[in-house]
Amino acid sequence: MKFMKLGSKPDAFQTDGSDARYVLSDLPSDIVIHVDGARFYLHKFPLLSKSSLLQRLIIEASQNGTDEVVIQDIPGGVKTFEICAKFCYGMVVTLNAYNVVAARCAAEYLGMTEDVEKSNLIFKMEVFLNSGIFRSWKDSIIALQTTDALLPWSEELKLVGRCIDSIATKATVNPSNVIWSYTYNRKSASSDEIVEARKSSQAVPKDWWVEDLCELDVGLYRRVMVAVKSRGRIPSDVVGEALKAYAARWLPECCDTLVDDVYSESYKHLLETIVWLLPSDKGSSGISCRFFLKLLKATVLIGAGELLKEELMDRIVLQLHKASVHDLLIPSKPPAQTIYDIQLVQTLISRYMRVAGVAEDGIFLNNLDQEMFETNVDNESLVALCKLVDRYLAEVASDPNLPVSSFVDLATSMPESARTSHDGLYTAIDVFLKLHPGLPKTEKRKICSLMDVKKLSKGACIHAAQNDRLPLRVVVQVLFFEQLRAAGAAAAAAPVPNGSMARCMARLAEEEEDDDWKDGRTQQEPPTPGALKKQLGSLKLAAADHGAGDDGRRLVARSSSVANQSSRLSLSSRSRRIFDKLWVGGAKLPGEGPAGGKGSSDTSGSSQSPRSSAKPLESKSSSSSSRNRRYSVS
């Protein structure tokens, strides 16, 4: 830190422990000066030779027959007046970045100019400011911080502007020309590390200056950043780093602190300043999506206004696919019932699709009637966003107040072509069903219909096959598709546990049959063992053609057993309709004609057909005078 010593006499100012101050001298004091409650017992001659204001006040006091003078509203108060008084006596005074601005303002107030005496206090302090303070990076920042308490004097004397100009000039120089000390601990292992550019073997980073500016008040910071940006030498990414560092310094992470009414206004002013200082190029990649979402979260919690919110959302949608789930977990405000603001995320996704020009089917559009921003959205970005949406769904699905409609709307907000795998969606569905155990069957089916079992991985299929929370219809589809995939694979796959298909079919039939009784649909239709036998025979041929080893032989044996007993079966109408719906087309091999002839293809049928490894069907009868005989699958 730069400093300057004035005067040569030793400091002779003393105090008696109260507000009285006096000078040790053989001569008695002849004037008492009152400054903000403090009393200075001084001598007229040293003061009259340096200050035009004291000249006038002392003369007026003498004319009024008193030896007391009152000075009000002097910049800097008692401390700065004492500095000026010591200078008048020729005593040693040390000036530095912490007191020079206040002393300069006080000297102006007292009229210690060159007209009163040559080389007066104002002249000496101007020399120190220009040759010392404004040539130092850190001293300029410290001096600028002291100007806030000295308004309007510091502004009228242009001390604020001169400090800002000094800081902006140094911040915009070529990093290779930086020769002063600066703090740069954001990427350093140790805190408060001082880096000397001349001695450092490493190159000076482009954002070397952002850390020191974080100590400025928001008003001064805004003026400094405007001056820095106006020079046009700082790229957008460095401006973004500066704003990010400032927000990290003053914007709390805790949501409870943000919503505190005591600080809400100051946080609003901070957010408005940061957003106002953002680069004008909204598509700039220099500022991360995470930073924008942090600002948006604070804006929502504080209630900073719709204009600020819209500005941030316009910037977020251009790189939403780069966000993380944690960034999107924005708490909702009353009267919303959900924990997180689901509607806000839904709006962001919709705007992303519209701005990127993507239709619901994933096709990129070229709509010349609407204003489209230049984006880097491609198929990979859509896939990344879809994975993000699925992970977000899995996170918010644990909210017990999340309605089914919001879950479905968010899941369907992405085009189907962007969801290459449904593992993430399945995880979200499983979490939702687990946290909503009382969900009606219709709602369960609605949610599970979002998932395509053909896009589940093997691990997800194994988990889904044993998941009691899923509707049986979905479990059957998963088991059947996994069986087809295992049978068609070149290498032997891990078999589905024996009996799983049969047990699921039995549970499905019993459940659907119970629904029939509840709905009053108890009339039976004649069984069709011939059609069932024909379908099972086709499945037997498919299993034999695939040559699935022992598992294939078991499938053939079970299918033959079912075919031999099919003439004795009598299924309920609802259960038989489910079998027909699940098996339609599934027993017919690709390339097989209408007559059921065998084609040349080796692939198995539709994923909607049940597995050919189902257990033999056994009829169970029960007599009742009020209803017909019932059959279940064992």
Side-chain angles (χ1 to χ4, degrees), residues 1-16 18-25 29 31-55 57-58 69-134 136 139-140 142-154 156-157 159-160 162-163:
M1 178 181 290
K2 304 289 184 180
F3 66 92
M4 180 180 183
K5 285 189 175 182
L6 302 176
S8 57
K9 298 178 181 179
D11 187 356
F13 268 70
Q14 300 291 325
T15 180
D16 59 1
S18 61
D19 293 331
R21 290 171 174 79
Y22 56 92
V23 179
L24 292 177
S25 174
S29 62
I31 187 70
V32 180
I33 300 177
H34 297 266
V35 180
D36 295 341
R39 302 185 308 276
F40 287 86
Y41 295 88
L42 305 176
H43 303 85
K44 294 181 181 178
F45 179 75
L47 302 178
L48 293 173
S49 63
K50 302 290 185 181
S51 170
S52 60
L53 175 64
L54 291 177
Q55 288 177 4
L57 294 178
I58 291 174
V69 173
V70 178
I71 296 179
Q72 298 178 345
D73 301 327
I74 181 173
V78 176
K79 290 184 178 180
T80 54
F81 178 78
E82 186 173 336
I83 291 175
C84 295
K86 289 179 179 180
F87 176 79
C88 293
Y89 278 90
M91 298 178 185
V92 176
V93 176
T94 302
L95 298 177
N96 53 46
Y98 290 100
N99 61 16
V100 65
V101 175
R104 173 66 180 85
C105 294
E108 189 72 25
Y109 177 88
L110 295 173
M112 303 177 74
T113 63
E114 293 297 290
D115 297 335
V116 179
E117 186 178 74
K118 295 295 182 182
S119 298
N120 210 341
L121 183 58
I122 291 179
F123 172 78
K124 291 182 180 295
M125 283 192 292
E126 284 294 331
V127 172
F128 177 56
L129 285 169
N130 293 325
S131 62
I133 299 299
F134 295 147
S136 170
D139 287 348
S140 298
I142 294 172
L144 178 61
Q145 288 177 291
T146 65
T147 59
D148 246 0
L150 300 168
L151 296 173
W153 285 93
S154 59
E156 294 174 356
L157 296 175
L159 293 173
V160 178
R162 292 162 70 186
C163 289

Q. Which residues satisfy the side chain to side chain donor-acceptor pair (under 3.5 Å) test with Tyr22, sequence neighbours excluded?
A. none
Q: If a pair satisfies salt bridge (Lys or Arg N to Asp or Glu O under 4.0 Å) and one of its residues is in residues 90-106, list it, with sequence neighbours excluded.
A: Arg104-Glu108, Arg104-Glu126
Q.
List the residues meeting ring-ring contact (aromatic ring centres under 6.0 Å, His included) with Phe81, not counting sequence neighbours, and say none if there are none.
A. Phe40
Q.
Check whether Ser29 reaches the backbone of His43 with its side chain - one donor and one acceptor, N or O, closer than 3.5 Å.
A. no
What donor-acceptor contacts under 3.5 angstrom involve side-chain atoms of residues 4-12, with partners at least two apart or in another chain?
{"unit_1": "Asp11", "atom_1": "OD1", "unit_2": "Phe13", "atom_2": "N", "d": "3.1"}
{"unit_1": "Asp11", "atom_1": "OD2", "unit_2": "Lys86", "atom_2": "NZ", "d": "2.8"}

Q. For Ser119, which residues count as a side-chain contact (heavy atoms from CB on, under 4.5 Å) partner, sequence neighbours excluded?
A. Phe123, Lys124
Q) What distance separates Trp153 CH2 from Ile74 CD1, expressed to the nearest 0.5 Å? A) 9.0 Å
Q: Could you tell me which residues satisfy side chain to side chain donor-acceptor pair (under 3.5 Å) with Asn130, sequence neighbours excluded, listed by chain and number?
A: Arg162
**Q.** Note, Leu42 side chain near Cys88 side chain (heavy atom, < 4.5 Å)
**A.** no
Q.
Could you check whether any side-chain N or O of Ser154 sits under 3.5 Å from a backbone N or O of Thr147, counting only pairs where one atom can act as donor and the other as acceptor?
A. yes
**Q.** Heavy-atom pair with the smallest gap, counting every atom of Cys105 and Leu159
**A.** SG-CD1, 4.0 Å
Q: Please report the closest heavy-atom contact between Ala107 and Leu121, naming both atoms and the distance.
A: CB-CD2, 3.9 Å
**Q.** Residues in side-chain contact (heavy atoms from CB on, under 4.5 Å) contact with Ser52, at least two apart in sequence or another chain
**A.** Val116
Q. So does Lys44 have more than 12 non-hydrogen atoms from other groups sitting under 6.0 Å from NZ?
A. yes
Q: Using the salt bridge (Lys or Arg N to Asp or Glu O under 4.0 Å) rule, collect all pairs that involve residues 33-42, keeping only residues at least two apart or in two chains.
A: none
Q.
I want to check something: taking the side chain as every heavy atom from C-beta on, are Leu47 and Ile33 in contact at a cut-off of under 4.5 Å?
A. yes
(Q) Minimum heavy-atom separation for Cys84 and Ala103, please, with both atom names. (A) SG-O, 4.5 Å
**Q.** Spacing of Tyr98 atom OH and Ile142 atom CD1 [to the nearest 0.5 Å]
**A.** 3.5 Å
Q | Closest non-hydrogen atom pair between Pro46 and Ser49, with its separation | A | O-OG, 2.9 Å
Q: May I ask you to test the Lys2-Ser131 pair for a side-chain heavy-atom distance under 4.5 Å?
A: no
Q | For the student: nearest non-hydrogen atoms of Val78 and Ala38, plus distance | A | CG2-CB, 4.0 Å
Q | Contacts of Ser136 that satisfy side chain to side chain donor-acceptor pair (under 3.5 Å) - sequence neighbours left out | A | Asp139
Q | Min side-chain heavy-atom separation Val69-Val32 under 4.5 Å | A | no
Q | Interatomic spacing from CE in Met112 to CD in Glu117 - rounded to 0.5 Å | A | 9.0 Å
Q) Is any side-chain heavy atom of Leu54 less than 4.5 Å from a side-chain heavy atom of Ile71? A) yes
Q.
Measuring only between side-chain heavy atoms, which start at C-beta, is Asn120 closer than 4.5 Å to Lys50?
A. yes
Q.
Under the rule for side-chain contact (heavy atoms from CB on, under 4.5 Å), what residues qualify as partners of Asn99, not counting sequence neighbours?
A. Ile83, Leu95, Asn96
Q | Atom of Leu110, atom of Ser51 and distance for their closest heavy-atom approach | A | O-OG, 2.5 Å
**Q.** Residues that Thr80 engages under side-chain contact (heavy atoms from CB on, under 4.5 Å), provided they are two or more places apart
**A.** Ala102, Ala106
Q: Name all residues meeting the side chain to side chain donor-acceptor pair (under 3.5 Å) criterion together with Ser140; count only those two or more places apart in sequence or in a different chain, and write none if there are none.
A: Ser166
